[in-house]
Amino acid sequence: MIVRSLSAIENSDRTVAGETWKSRRLLLSADGMGFSMHDTIIHAGTRTAMHYRNHLEAVYCIEGSGSILLVDTDETFPISAGTLYALDQNDRHVLIAETDMRMVCVFNPPLAGPESHDESGCYPLIAETP
Ligand code: 9YT
């Protein structure tokens, strides 16, 4: 069994920051679960354009509020604590944070650890640790 707290990983290489977000990676590919799970903060007043072409991501908002713009259809959906979105079509999207937003993010396949967004808002595919 794995037991791991946010405080234990906060100042470790399991914490990765982008310009608009900070991701605390509670589970990674080496943990052998088949998915990764992150506790992520999106900073208030920011817009983050993302396109996870190599991964499926589900995001459950547990604090804060904002909205998500689905780029291909130009639809916008409000997101606040208690709402989930799942990018089941590898959708291009823009996350607009009105307040700090705290999100539980799950990636399939799992991230390996150091991934950060490239210029298109994508993470590279790093081979899963057996
Ligand atoms: C909500 C979202 O996708 N934020 C960007 C960070 C990423 N999800 C991560 O690695 O936790």
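First listed ligand is number 1; within each ligand, the first listed atom is number 1.
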Exercise. Ignoring hydrogens and angles, tell me if any N or O in the side chain of His43 forms a donor-acceptor pair with the backbone of Asp100 under 3.5 Å.
Key: no
Quiz item: Taking Thr15 for the side chain and Ile9 for the main chain, is one N or O donor matched with an acceptor at less than 3.5 Å?
Solution: yes
Quiz item: When you measure from atom 4 (N) of ligand 1 to each heavy atom in Val16, Ile41, Ile42, Thr20, which option holds the nearest one?
Solution: Ile42
Quiz item: Out of Tyr123, Tyr85, Tyr60, Tyr52, who gets a non-hydrogen atom closest to atom 9 (C) of ligand 1?
Solution: Tyr123
Which of the numbered atoms in ligand 1 are below 4.0 angstrom from a heavy atom of [X]?
X      : result
Ser23  : 9 (C), 10 (O), 11 (O)
Phe107 : 8 (N)
Leu95  : 1 (C)
Trp21  : 6 (C)

Exercise. Please say which of His117, Arg53, Arg92, Glu115 ends up in a side chain to side chain contact (heavy atoms under 4.5 Å, CB included) with Cys122.
Key: Arg53
Self-check item: Test applied, side chain to side chain contact (heavy atoms under 4.5 Å, CB included); reference residue, Met103; option that passes from Asp39, Val59, Ile41
Solution: Val59
Quiz item: Tell me, which protein residue and heavy-atom name are nearest atom 3 (O) of ligand 1, and how many Å apart are they?
Solution: Glu57 OE2, 3.0 Å
Quiz item: Can you tell me which residue and heavy atom of the protein come closest to atom 11 (O) of ligand 1, and the distance to 0.1 Å?
Solution: Thr40 OG1, 2.7 Å
Practice problem: Could you tell me whether Arg47 and Glu19 make a salt bridge, using a distance below 4.0 angstrom between a side-chain N and a carboxylate O? | Solution: no
Quiz prompt | Short N-O contact, Arg4 and Asp31, less than 4.0 angstrom | solution = yes
Practice problem: Check whether NZ of the Lys or CZ of the Arg Arg25 lies under 6.0 Å from the centre of the six-membered ring of Phe35 and within 45 degrees of that ring's axis. | Solution: no
Quiz item: Side chain or backbone of Arg25 under 4.0 Å from ligand 1, or both, or neither, by non-hydrogen atoms?
Solution: side chain
